[in-house]
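Residues: numbered from 1 along the sequence shown.
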Amino acid sequence: MIITHDIRLSRIVSGTWKNTLLVAFTCSMSYFVYWYFIQYHFEMPAIIPTILGTALAFFIGFNNNQAYDRWWEARKIWGVLVNSSRTWARNVIHLPSATDKITGSNLELMKEYAVKRHIAFLYALKETLRGTKDEEYKKYLIQSDLDIIKNESNKHNAILSLQTTELKSWKRDGLIDGFEFLELNGEITRFCDEMGKSERIKNTVFPTTYNYYTKGFIWLFNIAFTLAVAPNVGWRAIIFATVIGYVFHTIHFIGHSIVDPFEPIPTGIPLDQITRTIEINLLEMIREEHIPAPISPVNEEYVM
């Protein structure tokens, strides 16, 4: 996610120069075709690029709006996970310190496992959304848990099942009453809901035709605009068409860059930072000695 309020010119140039050259080449070729082949045989009516440009503006705006909705929904989902994770850890940590059926030290260890198992859930979910195989979740699971989920295709869902099994054993052993069980199980249900929403965004492909036809019509607009203004401004049509084409292509690219919000790109949701923040908060809550460092911004511009 981009965090700076000022985007450096060098980043703008590095991200758009190839497309700008292609736009300039297309407009140049359109102008030369007009000048040497069709200027005495055909004249592009100005109404055509006018109508096409207006339609493209509405369509690109609609596409970008839908892309931002996906991005913002993804950010809200992980905002809920941040809050619910802290609530989960707080409720688990403040369970009674001892009961008649289990010693206080063992109960504290069980609380610690429940908190760390949740951190494992977040890392497993992040791994799936990012499509990576770093398996960071393993460092927060005990061997018996790893043996149980090793053959599961959906590791994060399997970890939630482990949490539910643990809750049921706590209730059976008298560590929590029925109200506490419902409250803690409600948090697990909330994690499952947000997990499902994340998977829905990840697995729902933004309609390919939106991107394909928009790009195609922008190129058609570039050509039509060049042909329409060439009789009036001559070779300057190349400059005017390139500038306007650059604007249309760049606006379309901005929307397209946030269509997949979980991708590890500067414009995506900072899953690394969010997960690390939750990890730090929860480890501090259980008084862990070794706390990882926060994720640092890249060049003070964005976080992943």
Side-chain angles (χ1 to χ4, degrees), residues 1-74 204-261 263 265-268 299 301-302:
M1 183 176 70
I2 296 175
I3 59 174
T4 182
H5 295 286
D6 299 314
I7 300 179
R8 293 183 298 181
L9 181 61
S10 60
R11 174 163 291 277
I12 297 176
V13 173
S14 65
T16 61
W17 71 270
K18 292 182 180 179
N19 197 63
T20 303
L21 288 180
L22 188 57
V23 171
F25 176 76
T26 302
C27 295
S28 300
M29 293 302 298
S30 301
Y31 173 77
F32 286 121
V33 168
Y34 166 80
W35 188 257
Y36 290 106
F37 296 102
I38 65 174
Q39 65 169 321
Y40 300 113
H41 308 286
F42 172 79
E43 183 175 341
M44 175 67 71
I47 191 65
I48 292 180
T50 301
I51 295 176
L52 185 57
T54 303
L56 275 174
F58 281 108
F59 198 58
I60 293 174
F62 172 78
N63 285 356
N64 288 8
N65 185 60
Q66 297 305 307
Y68 182 78
D69 282 347
R70 285 167 62 97
W71 186 92
W72 181 236
E73 183 183 4
T204 302
V205 178
F206 196 75
T208 306
T209 50
Y210 280 25
N211 181 55
Y212 177 80
Y213 283 111
T214 302
K215 290 176 65 176
F217 291 152
I218 291 176
W219 290 114
L220 181 61
F221 169 76
N222 289 343
I223 296 172
F225 183 86
T226 305
L227 296 178
V229 301
N232 299 319
V233 299
W235 63 268
R236 297 175 185 84
I238 299 174
I239 299 176
F240 297 149
T242 299
V243 172
I244 295 177
Y246 170 81
V247 172
F248 273 86
H249 280 285
T250 301
I251 294 175
H252 173 62
F253 173 77
I254 290 172
H256 188 67
S257 66
I258 59 175
V259 163
D260 297 314
E263 291 297 310
I265 55 178
T267 54
N299 298 326
E301 291 183 346
Y302 62 89

Specify the closest pair of heavy atoms between Phe248 and Phe221, including all atoms of both residues, with the distance to one decimal.
CE1-CE2, 3.7 Å
Can you tell me how far apart OG1 (Thr267) and CG (Asp260) are? Round to the nearest 0.5 Å.
9.5 Å
Intermediate values then yes/no, side-chain contact (heavy atoms from CB on, under 4.5 Å), Val233 and Phe240:
CA-CA 9 Å; Val233 299; Phe240 297 149; 4.0 Å; yes
Determine the minimum heavy-atom distance between Thr20 and Thr242, stating which atoms define it.
O-CG2, 4.4 Å
Taking the inter-plane angle between the rings of Tyr68 and Trp71 on a 0 to 90° scale, is it parallel (under 30°), tilted (30 to 60°) or perpendicular (over 60°)?
parallel
For atom CD of Glu43, is the number of surrounding heavy atoms from other residues, nucleotides or ligands below 6.0 Å larger than 12?
no
Counting only N and O atoms by type, is there a donor-acceptor contact under 3.5 Å from the side chain of Asn64 to the main-chain atoms of Ile251?
yes
Heavy-atom nearest pair, Ala241 first then Val23, reads O-CG1, 4.4 Å
Taking every non-hydrogen atom, the tightest pair across Gly255 and Ala67
O-CB, 3.3 Å
Answer yes or no: are there more than 12 heavy-atom neighbours, outside His256 itself, under 6.0 Å from its atom NE2?
no
Using every non-hydrogen atom in the two residues, find where Pro261 and Arg70 come nearest and quote the distance to one decimal.
CG-O, 3.9 Å
Write down the atom of Val205, the atom of Thr208, and the distance for their closest heavy-atom approach.
CG1-OG1, 4.3 Å
Run the ring-centre check on Phe32 versus Trp35 and record whether the distance is less than 6.0 Å.
no
Go through the side-chain N and O atoms of Asn211 and His252 and say whether any donor and acceptor fall under 3.5 Å apart.
yes
Test your reading of the model: is there a side-chain donor-acceptor pair from Ser30 to the backbone of Thr226, 3.5 Å cut-off?
no
Value rounded to 0.5 Å, distance of OH in Tyr213 from CZ in Phe59
10.0 Å
Would you please indicate if the ring centroids of Phe37 and Phe42 are separated by under 6.0 Å?
no
Taking it one step at a time, do Leu227 and Ile48 satisfy side-chain contact (heavy atoms from CB on, under 4.5 Å)?
CA-CA 10 Å; Leu227 296 178; Ile48 292 180; over 6 Å; no
